Every structure is written in structure tokens, then in C-alpha cells.
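Notes follow once the structure below has been shown.
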Amino acid sequence: MNVLIIGSGGREYSIGLALKKDKIVEKLYFAPGNGASDGLGENINISDFSKLADFVEENEIDLTIVGPEGPLVDGIVDLFQDRGLSIFGPTASAAQLEGSKIFMKNFLARHGVPTAKYVETDSLDSAYKFINELSTPIVVKADGLCGGKGVIIAESHDDAKRAAGEMLSGNSFGDAGTKIVVEEFLDGYELSVFAICDGKDFVVLPAAQDHKRLLNDDEGPNTGGMGAYAPTPLVNDEIYRKLEERVIKPTLKGMKDEGNPFTGVLFIGVMVVDGEPIILEYNVRFGDPECEELMPLLKSPASELFHKAAMGDLASANIKFHNKYAVGVVMASKDYPYKSSEPAEIIIDDIVHDDIEANSHISFAGVSRGDDGKLFATGGRVLVCVGIGDSITQAHERAYMLCGQVHFIGKQCRTDIAYQALELES
Ligand code: AMP
Ligand code: GLY
């Protein structure tokens, strides 16, 4: 099988690594990929959807996997399907679950899926009215895609009103904020749960926990995610059962009934409040860095999971996971998440420790390759050091041993990834 992966991050690299292990996969392509993915497959520099479809036909590519939400919301799946090409991901109308928070919230309300109390509005008056009814903190969200920055958690009523006003006037997020959602704050612990869906059936992956703040102890600004681990002991069978019955099944049925059958990754942002899973948001793609920990836990061939989902045939798949844990620590460049940083050469020590060699690896993201073959950190989240183990403690140790072997000027990483789980394990 020949596979094309769309995207350039650590998420796409980790999907590539999983497919490389898979004997069925012959040729692997990335569009556009990054400075390290050319070590796994071939990078191609095409972004236009119809030219990508031409490339797929010319190179006999059997499956395309889409990493980020942008091309999904912009309709890459629709175009590929019209041309009879097999692609893993939702259509543009199904991708509205991520592309529009208002679509998502109204969908959840229509289908009785538990979510925070909210109003959606384009009027400052009704935003103010609802803000006055809520106790603080208060959550204000721009409707459209804002690269993960469109959510404000306001500590006072005045701050919430200011955030709503700035969004509605177009000052904060342009058109993405001219409609907003105001909602109650949920106080609990957050999980990332992923269901691979084929329109009707689904496979739930081990639940993960991300660390969105830049600094230890969940301080500092929000980022795309500074590290994650899976499976998390914060989830028990009862929570998985509630998620399947109250969230995933009604969502797949609702999407199908409304003429938008959902194929691809349903990323469920969950807040567990007093043992009850409440939905914060949906995304229509893998989380990054969660994907980097989930892919190595997959025991079944990755191609089977993605291909069967794309073909609407998950019912015939028997997807298995290793009985292990994975911890991933993001290394980011010096000025992340504020601005881009000067390229910095990445030096990776020879790994002489057999245990680390066998049980850890790097998923590369913001890197480029110089003419001399050297790798450079070129900004944002640069790479993820992933450790695998029989416990979270062991996986954590291995991930951080690997971190100690990777050097570039200005590197920053959190040193407390998986702290909630480690407290439970100790
Ligand atoms: P979202 O893009 O909707 O996932 O929001 C980004 C982050 O804001 C989430 O991962 C949560 O940490 C936080 N958040 C969003 N909505 C709420 C809420 N209603 N209550 C508490 N935290 C929230
Ligand atoms: N790690 C969270 C996200 O990908 O949105």
C-alpha cells in the first residue's frame, strides 16, 4: 500500500513512523512534511488540492491521511471523494464540528450530549445579559478557527464583557470572532479522547492527557500542547462507557441522520466534573502532541485502522493496543509561543543506553535540514521525545532521559509532564 500524509508536524511524523513499522506499507509521502520526514518517506511540495489528487493518481497512492484541520475544513476530503480517491478524514460539512464552535455547541444541544451551559450570539447585548447571569470565571470563545487561541477564560464579569466586545468588533480574531459563544466555566480535570470513526462504527483509543500551558505547574500562556501521556489512569471503565453511550454514539448517529456522516478522528475535549464527562469541544483531527504517544501504543497495523475507517469498514477490524504507557515531552524553540526563533542546530548525542535506545524515540516537528544534512530547529514546537514503558513512571523516565540527549540553543520543555498520573502511581 502507498500512503500520502498531509501535514508537517510531529503528529504527521508519528503517523508516518507507525506506518513505517507496518509491512503492508510500501511507499510513504508527506505533503509538505518537515526536515526530518524525508528520512521516513518522500516530501512533496504541493498544496493545491486538485494537484495533490493528480499526484495521488499518478503515483498509485492507495490512501491519503489528513493531519491538520485546515485542509479538512477547506474540503480536501470532498474533492478526493469526488475523484474516487480513498482519504481518511471528514468532509467539509462534517468538519464544522471543529470549524464552528456554534455549529458544535448547537449540535451537542440538539442531540443531548452533555456540554457547558452557553449562549451563541453576534450581539453584545445578549452576551452581556448572559455574562451577568454567570458566576466567574467565565469562558468566551470565538466561533471560527483561531489556531487554538480563540478561548478567553475571564476572571471577572468586566473582563468577560471586554473579551466579548473585542471579539464581536473583529478586533481580536477578525471574522472568526464576529460570532461568539459565552459559556459557564467547568472545574474538573481535562482529558483528550480520540475515536476513529468510519461514519457509523468507531474505535476508541486509550485516553490521553495534554499539558497546554507553557510552564510547569500549568502556568504561563496557553500553547498547542507541551507534552502528553496515555493511557491516563484518570479514566476508568465507567467514564469510557459514559463517553461511548452519551457522547460518541449520539454524535455519530446525529451526524449521519443530519446527512453529514463523520469519518476520521473525532477528538473529544472532555472535562470530568465530579465523575461526569462533559464535552468542552470537538476537533476533527488528532491532537498534537497526543498523536505522538498514541501511535506507538497501536499494536495492530496502522494502515488497517486508517484504511478500514476510510473505506467505512471498521466493523471488520480488530484493533489492538499494547499494554504499555507512553509519555511525550515537547521541546520548543526559544521564543515559543510568542514569536518565531532564529534557526538553531539540533545535536542529538549517540544513545548508548540500550534501554533508552529500545524504548524511546523522537517525533520531529518544526525542523529543517541544511544542505550539509544537519537538522535545525526552525521554530514553534520542534520535536517530541517519547518514552514507552510498563508504567507511566518508567515511560516518563525514558522520555526525560532522551530529552537530556537532545540539544539546541534556547530549547525549552516542561519537566513535569504526566504529573497528575505520577502522583496517582506513586
Ligand atoms: P477549546 O478550544 O474550546 O478546547 O478551549 C481551549 C481550552 O480552554 C480547553 O482545553 C480548556 O482548558 C479551556 N476551556 C474551554 N472551555 C472551558 C470551560 N467551559 N470551562 C473550563 N475550561 C474551558
Ligand atoms: N493538543 C491539543 C490539540 O492538538 O489541539
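This structure is a prediction, so every number in the text was calculated from the model and none was measured. Atoms within each ligand, like the ligands themselves, are counted from 1 in listed order.
Near Glu184, with a cut-off below 4.0 Å to any heavy atom, the atoms of ligand 1 are 18 (C), 19 (N). Near Leu280, meaning under 4.0 Å from one of its heavy atoms, ligand 1 places the atoms 11 (C), 16 (N), 17 (C), 18 (C), 19 (N), 23 (C). Counting the atoms of ligand 1 from 1 in the order shown, those under 4.0 Å from a heavy atom of Phe185 are 20 (N), 21 (C), 22 (N). Listed by number with element, the atoms of ligand 1 under 4.0 Å from a non-hydrogen atom of Glu183 are 16 (N), 17 (C), 18 (C), 19 (N). When each atom of ligand 1 is checked for a heavy atom of Lys212 under 4.0 Å away, the hits are 10 (O).
Residue contact check for ligand 1: Ile153 places a non-hydrogen atom closer than 4.0 Å to it. For the pair Pro289 and ligand 2, a heavy-atom separation below 4.0 Å is found. Using a 4.0 Å cutoff on heavy atoms, Arg11 does not count as a contact of ligand 2. Contact analysis puts Gly287 in contact with ligand 2, with a non-hydrogen atom separation below 4.0 angstrom.
Taking only non-hydrogen atoms, the option from Val181, Leu186, Ile279, Val182 nearest to atom 20 (N) of ligand 1 is Leu186.
Remark: ligand 1 and Glu190 share an N or O pair separated by less than 3.5 Å (distance only, no angle test). In terms of polar-atom proximity, Val139 is not counted as a contact of ligand 1, lacking any N or O under 3.5 Å from an N or O of the ligand. Considering backbone and side-chain atoms together, Asn283 places no N or O closer than 3.5 Å to any N or O of ligand 2.
In this structure, Lys299 is not positioned above the aromatic face of Phe321 in the sense of NZ or CZ being under 6.0 Å from the six-membered ring centre and within 45° of the axis.
Between the side chain of Tyr400 and the backbone N or O of Cys385 there is no donor-acceptor pair closer than 3.5 Å.
Phe194 and Phe286 have tilted rings, their planes meeting at an angle from 30° to 60° on a 0 to 90° scale. In this structure, Phe55 and Tyr29 have perpendicular ring planes: the angle between them is above 60°, well past the 30° mark. In this structure, Phe107 and His111 have tilted ring planes: the angle between them lies in the 30° to 60° band. Between Phe364 and Tyr13, the ring-plane angle classifies as perpendicular under the 30° and 60° cut-offs.
Using a 4.5 Å heavy-atom cutoff, the side chains of Glu345 and Leu375 are not in contact.
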